[in-house]
Amino acid sequence: LVYNHHKRELQTKSTDIQHDFHHLILSVQHVHLDHHNCLETIAVKGYANELTDLANRLIAIKGVMHGELVMTSKR
C-alpha cells in the first residue's frame, strides 16, 4: 500500500482492518518514502478468498493511492 500518512484516520482504519484479519498476517513493514508518503508491505498467508477480502478492504480506504495483492501458490 502507498498512502499519504497525513490523511486523517487512514492509519487507524488500516490497523483496525489488519486486527480483524490478524490470523492471516505474518508481518508488516512500514517505510517512509518521503515527508508525505508511506509504503506498507504486508506479508500474508491463507486462503485466496480471505486474502482478496483483506486486500480489497485495505485498498478501498480513502487516501490509499496504490495497492495490489500479489499471490503465489505453495507448489
Side-chain angles (χ1 to χ4, degrees):
L1 304 171
V2 176
Y3 59 89
N4 183 326
H5 77 94
H6 293 296
K7 184 69 179 172
R8 189 177 167 107
E9 299 294 321
L10 189 148
Q11 288 183 301
T12 301
K13 290 176 184 176
S14 176
T15 300
D16 288 346
I17 293 168
Q18 289 178 45
H19 279 277
D20 290 342
F21 289 87
H22 68 91
H23 60 287
L24 302 175
I25 297 176
L26 301 174
S27 70
V28 179
Q29 181 181 35
H30 183 93
V31 178
H32 302 278
L33 299 174
D34 58 32
H35 182 70
H36 300 286
N37 299 300
C38 294
L39 166 69
E40 203 160 272
T41 304
I42 305 169
V44 294
K45 182 177 181 180
Y47 292 107
N49 62 326
E50 290 182 295
L51 300 177
T52 301
D53 188 24
L54 169 58
N56 288 341
R57 289 179 190 216
L58 291 169
I59 293 166
I61 297 171
K62 188 173 183 176
V64 172
M65 295 179 287
H66 177 72
E68 182 178 359
L69 173 63
V70 177
M71 288 193 282
T72 186
S73 65
K74 60 180 181 177
R75 293 182 204 200

Shared hydrophobic cluster, Tyr3 / Leu33 (ILVMFWY, side-chain heavy atoms < 4.5 Å): no
Looking at NE2 of His32 and NE2 of His5, how far apart are the two atoms once the value is rounded to the nearest 0.5 Å? 7.5 Å
Nearest 0.5 Å, please: how far is CG in Asp20 from CZ in Arg57? 7.0 Å
Tell me yes or no: between the side chains of Thr15 and Gln11, is some donor less than 3.5 Å from an acceptor? no
Run Ile25 and Leu54 through side-chain contact (heavy atoms from CB on, under 4.5 Å) and show every step you take. CA-CA 10 Å; Ile25 297 176; Leu54 169 58; 4.2 Å; yes
Heavy-atom pair with the smallest gap, counting every atom of Gly67 and Leu1: CA-CD2, 4.0 Å
If the plane angle is over 60° it's perpendicular, under 30° parallel, otherwise tilted; pick one for His35 and His6. tilted
Distance from Leu39 atom CG to Asp34 atom CG, nearest 0.5 Å? 11.5 Å
Let me check something: do Val28 and Ile17 share a hydrophobic cluster, defined by ILVMFWY side-chain heavy atoms less than 4.5 Å apart, either directly or through other members? yes
Side chain proximity check, Ile61 to Lys7, heavy atoms < 4.5 angstrom: no
Are Ile59 and Leu69 connected in the hydrophobic side-chain network, where two residues link if heavy atoms are under 4.5 Å apart? yes
Side-chain touch Gln18/Glu40, heavy atoms, less than 4.5 angstrom: yes
What about Met71 and Ile42, same hydrophobic cluster or not, with Ile/Leu/Val/Met/Phe/Trp/Tyr joined at side-chain heavy-atom distances under 4.5 Å? yes
Taking the six-membered ring for Trp, are His23 and Phe21 parallel (under 30°), tilted (30 to 60°) or perpendicular (over 60°)? parallel
Lys45 and its side chain to side chain contact (heavy atoms under 4.5 Å, CB included) partner, picked from Leu51, Leu26, Leu24: Leu26
What distance do Thr41 atom OG1 and His30 atom NE2 have between them, rounded to the nearest 0.5 Å? 10.5 Å
Donor-acceptor contact below 3.5 Å, side chain Asn56 vs main chain Thr52: yes
